[in-house]
Amino acid sequence: MTKKLTLALVLAAIAIALVMWRCRSGADDTTTAATPTRGSAAVAKPTTASAKPRPDPMKLPKASVAGKITLDATKAPIAGIRVCAAGWSKSLGDEVLREPHCVTTGEDGLYKLEPLLPARYTITASGRGYRPAVHEVGGDRKRRELSVSIGEHKTGIDIALRSGGAEVTGTVADVSGGPIAKARVWSGEHGGPMVFTESDEAGAFVLWVDKTNANIHAAADGYTDEDAWVDAPGKVELLLTPESIIAGIVIDAATSQPIEGARVQVGEWSGAKTTYSDSAGTFRVNRIDPGRHVVIART
């Protein structure tokens with residue numbers, strides 16, 4: 001009787017061990033990594049199939065910046081001055097803040113820039129006969145980026161202009177020679193006095209800059225950006241090349257599931273362009289120069 005009981009217990013233990021082994025083996029099979037598809041960007045995230053979804057920036061509460069433009073010598077208000085906010089934010093991507101927000105001052109020299117997304121902005125002012133200037137945060141010449149939070153309304157962002165500006169005229173055209181209307185044209189670099197304007201129906205534009213060697217940039221939908229140097233005052237022609245486009249999908253390396261909210265970067269240097277993958281993991285980067293490019297995805 002004892003031998004039979006012992007044998008039964010041994011057989012039961014073997015059966016339980018076999019069941020546990022088969023269950024564990026089946027669980028392992030479900031987590032086997034799938035092979036990424038060609039042309040996709042695989043991100044090694046074995047524990048999850050997606051990054052934290054990014055909020056739609058266009059649905060965030062909007063902010064504003066307001067102030068007054070005056071003549072430096074007399075403190076008198078200046079009408080007809082173009083005031084622009086050029087934004088930058090690593091979390092929003094390049095395309096969202098690509099276009100500056102610009103307004104023109106009234107007779108009282110006042111302006112208000114709205115609606116603005118949460119980002120860091122350089123606020124600049126320029127106009128006929130004046131040298132461009134940028135708002136200095138707290139009067140510090142080294143602090144030229146104004147941080148604007150969600151729904152924040154900043155006032156007292158004043159700028160004083162000095163006379164002595166130089167006129168730069170020019171045209172924006174396709175490499176084939178046809179004029180490009182409504183092209184965005186600007187001078188200066190981010191963080192300094194940036195002057196913005198737009199080409200007319202004939203592709204012509206006018207900018208007022210400092211009397212120096214100015215770097216003039218132009219951009220338009222469907223084209224890559226272009227720039228040229230000119231001694232101000234002076235004249236320049238900018239020829240734009242039709243754009244190339246890079247598109248794809250970001251997937252989890254372990255599951256091959258699409259990843260939402262991955263930061264995708266095309267290029268590795270200062271001219272790199274960035275965007276974010278959508279809920280299907282897809283991304284699209286426009287205005288790419290023809291050639292070879294490195295594409296990097298991160299979460």
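Sequence positions, counted from 1, serve as the residue numbers for this chain. As the structure is a computational prediction, the values presented were derived from the model and not from experiment.
Here N286 contributes atom CG and K273 contributes atom NZ; the two are 9.0 Å apart, rounded to the nearest 0.5 Å. The distance from atom CD1 of I159 to atom OH of Y130, rounded to the nearest 0.5 Å, is 14.0 Å. Going from atom CG of L71 over to atom CD1 of I81 covers 9.5 Å, rounded to the nearest 0.5 Å. To the nearest 0.5 Å, the span separating OG on S126 from CH2 on W186 amounts to 14.5 Å. Rounding to the nearest 0.5 Å places OG of S277 at 7.0 Å from CD of E260. Within the model, atoms CD1 of I259 and OG1 of T282 stand 13.0 Å from one another, a figure rounded to the nearest 0.5 Å.
The minimum heavy-atom distance linking G267 with A272 is given by the pair O-CB, 3.5 Å. Across L97 and A119, no two heavy atoms sit closer than the pair CD1-CB, 3.7 Å. The minimum heavy-atom distance between V172 and A218, with the atom names listed, is CG2-CB, 4.1 Å. Here the closest heavy-atom approach between residue P100 and residue A86 is recorded as CB-CA, 4.5 Å. Contact detail for A125 and L161: the closest heavy-atom pair is O-CD2, 3.7 Å.
A 4.5 Å side-chain heavy-atom check between E136 and R144 finds at least one atom pair inside the cut-off. A 4.5 Å side-chain heavy-atom check between R184 and E99 finds at least one atom pair inside the cut-off. Under the 4.5 Å side-chain criterion, counting only non-hydrogen atoms from C-beta, L110 is not in contact with T105. Inter-residue side-chain proximity for Y111 and V65 is flagged as met; some heavy-atom pair is nearer than 4.5 Å. Using a 4.5 Å cut-off on side-chain heavy atoms (C-beta onward), V83 and T124 make no contact. At least one side-chain heavy atom of H293 sits under 4.5 Å from a side-chain heavy atom of I246. You'll find the side chain of I288 stays beyond 4.5 Å of the side chain of T224, heavy atoms only. In this structure, V148 and R120 have side chains that are not in contact, with every pair of non-hydrogen atoms separated by 4.5 Å or more.
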- [ ] Evaluate side-chain contact (heavy atoms from CB on, under 4.5 Å) for V250 paired with V264, printing each intermediate quantity in order.
- [x] CA-CA 9 Å; V250 183; V264 181; 3.9 Å; yes
- [ ] Evaluate the criterion side-chain contact (heavy atoms from CB on, under 4.5 Å) for residue pair K112 and S64; output intermediate values, then yes/no.
- [x] CA-CA 7 Å; K112 186 174 185 179; S64 68; 3.8 Å; yes
Open item on the list: For a side-chain contact (heavy atoms from CB on, under 4.5 Å) check, start with the C-alpha distance between T122 and W88, then their side-chain angles and the critical distance, and finish with the verdict.
Closed with: CA-CA 9 Å; T122 302; W88 177 87; over 6 Å; no
- [ ] Starting from the C-alpha separation in whole Å, work towards a yes-or-no answer on side-chain contact (heavy atoms from CB on, under 4.5 Å) for I157 and T155.
- [x] CA-CA 6 Å; I157 310 303; T155 59; over 6 Å; no
Cut-off 3.5 Å, no hydrogens considered: what does the side-chain donor-acceptor table look like for residues 231-243, sequence neighbours left out?
| residue | atom | partner | partner atom | Å |
| --- | --- | --- | --- | --- |
| D231 | OD1 | N213 | ND2 | 2.9 |
| E243 | OE1 | R287 | N | 2.7 |

Side-chain donor-acceptor distances from residues 196-211 under 3.5 Å, at least two apart:
| residue | atom | partner | partner atom | Å |
| --- | --- | --- | --- | --- |
| S199 | OG | I180 | O | 2.9 |
| S199 | OG | K182 | N | 3.2 |
| S199 | OG | A183 | N | 2.8 |
| D200 | OD1 | A202 | N | 2.9 |
| D200 | OD1 | G203 | N | 3.1 |
| D200 | OD1 | A204 | N | 2.9 |
| D210 | OD1 | R131 | NE | 3.0 |

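Between K154 and E152 there is a salt bridge, since at least one side-chain N of the basic residue sits less than 4.0 Å from a carboxylate O of the acidic one.
For A160, the side chain to side chain contact (heavy atoms under 4.5 Å, CB included) partners are T70, D72, not counting sequence neighbours. Listed by chain and number, the residues in a salt bridge (charged side-chain N to carboxylate O under 4.0 Å, His left out) with K68 amount to none (sequence neighbours excluded).
Here V294 is tied into one hydrophobic group with I296, each link being a pair of ILVMFWY side chains closer than 4.5 Å.
Taken together through direct or relayed side-chain contacts under 4.5 Å among Ile, Leu, Val, Met, Phe, Trp and Tyr, L113 and L117 form part of one hydrophobic cluster.
For residues 157-178, the side chain to side chain donor-acceptor pair (under 3.5 Å) pairs, not counting sequence neighbours, are D174-S176, D174-Y223.
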